[in-house]
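Counting convention: from 1, in listed order, for ligands and their atoms alike. Both backbone and side-chain heavy atoms feed into the values below; hydrogens, waters and symmetry mates do not.
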Amino acid sequence: MSNRTFTMIKPDATAKGNTGAILSMINAAGFRIVAMKMTKLSKEKAGEFYAVHAARPFYGELVDFMSSGPITAAILEKENAVEDFRKLIGSTNPAEAAEGTIRKLFAASIGENAIHGSDSNENAAIEGNFFFSKLEQF
Ligand code: CMP
């Protein structure tokens, strides 16, 4: 699994019609789509996905936002996937994101930041398996 990462195009990017442009950047950066679906998280599921942040002050806001509209979830494959993908999306806070990154181009704020990327190989596997059965991972 070390060559795989997990991503979610978040409700803000979906609502603004940026899903296609973001997927195009992901493909152009050399990632292969191994699994993909458009879906909408319930509050319960969003809370479960972000359970690691449950003690943070922004947890309630994060769960509300992530369950506010459709998202596109995907597993991506590339050598050094986790690190390279985090470079492609840029800093969590778009104000600090490098030029040309997905968050610099499409994110409005630290909360509504367009896209998620796993922060470790271990979490990439956990997060991918949260959304996709083995039969849905190619
Ligand atoms: P993500 O990479 O999906 O992982 C956790 C998310 O929590 C993060 O992106 C942000 O969208 C959100 N987050 C982190 N810090 C804050 C904050 N200070 N206020 C609101 N949301 C935050």
Side-chain angles (χ1 to χ4, degrees):
M1 272 320 251
S2 61
N3 289 334
R4 291 186 173 190
T5 192
F6 171 80
T7 187
M8 249 190 300
I9 298 173
K10 297 188 178 185
D12 58 321
T14 307
K16 290 176 190 163
N18 290 328
T19 304
I22 290 172
L23 289 173
S24 179
M25 285 180 72
I26 290 170
N27 277 145
F31 291 88
R32 186 174 79 83
I33 295 170
V34 173
M36 186 162 75
K37 69 173 69 156
M38 191 173 183
T39 185
K40 185 169 180 287
L41 290 167
S42 62
K43 275 200 183 191
E44 189 190 0
K45 278 286 177 194
E48 203 184 313
F49 183 86
Y50 280 113
V52 66
H53 296 302
R56 305 284 194 95
F58 58 81
Y59 180 67
E61 195 184 312
L62 177 61
V63 168
D64 284 348
F65 169 61
M66 288 305 298
S67 58
S68 68
I71 56 103
T72 296
I75 298 174
L76 305 171
E77 190 173 70
K78 181 184 182 293
E79 218 172 277
N80 202 33
V82 167
E83 196 183 330
D84 285 3
F85 193 70
R86 287 177 73 84
K87 276 189 199 145
L88 176 66
I89 67 178
S91 300
T92 306
N93 184 350
E96 291 163 12
E99 287 299 329
T101 59
I102 291 174
R103 284 176 172 150
K104 182 71 178 183
L105 288 165
F106 299 112
S109 66
I110 194 166
E112 303 204 358
N113 66 352
I115 191 161
H116 167 81
S118 304
D119 63 4
S120 67
N121 290 331
E122 190 191 0
N123 284 337
I126 292 169
E127 292 171 0
N129 291 331
F130 182 91
F131 279 91
F132 301 100
S133 74
K134 292 291 176 212
L135 286 174
E136 295 170 316
Q137 301 181 26
F138 300 95

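Here E83 contributes atom CD and S120 contributes atom OG; the two are 12.5 Å apart, rounded to the nearest 0.5 Å.
At a 4.0 Å heavy-atom cut-off, the residues surrounding ligand 1 are K10, Y50, H53, F58, E61, L62, T92, R103, I110, G111, N113, H116, listed by chain and number.
Taking the six-membered ring where the residue is Trp, the centroids of F130 and F6 are separated by 6.0 Å or more.
Residues N18 and D12 are not in side-chain contact: their nearest non-hydrogen atoms beyond the backbone lie 4.5 Å or more apart. With a 4.5 Å cut-off on side-chain heavy atoms, K134 and N129 count as touching.
Just one residue in the list E77, E127, E79 forms a salt bridge (charged side-chain N to carboxylate O under 4.0 Å, His left out) with R4, and that residue is E77.
Both tests hold for K37 against F132: distance to the six-membered ring centre under 6.0 Å, angle to the ring axis within 45°.
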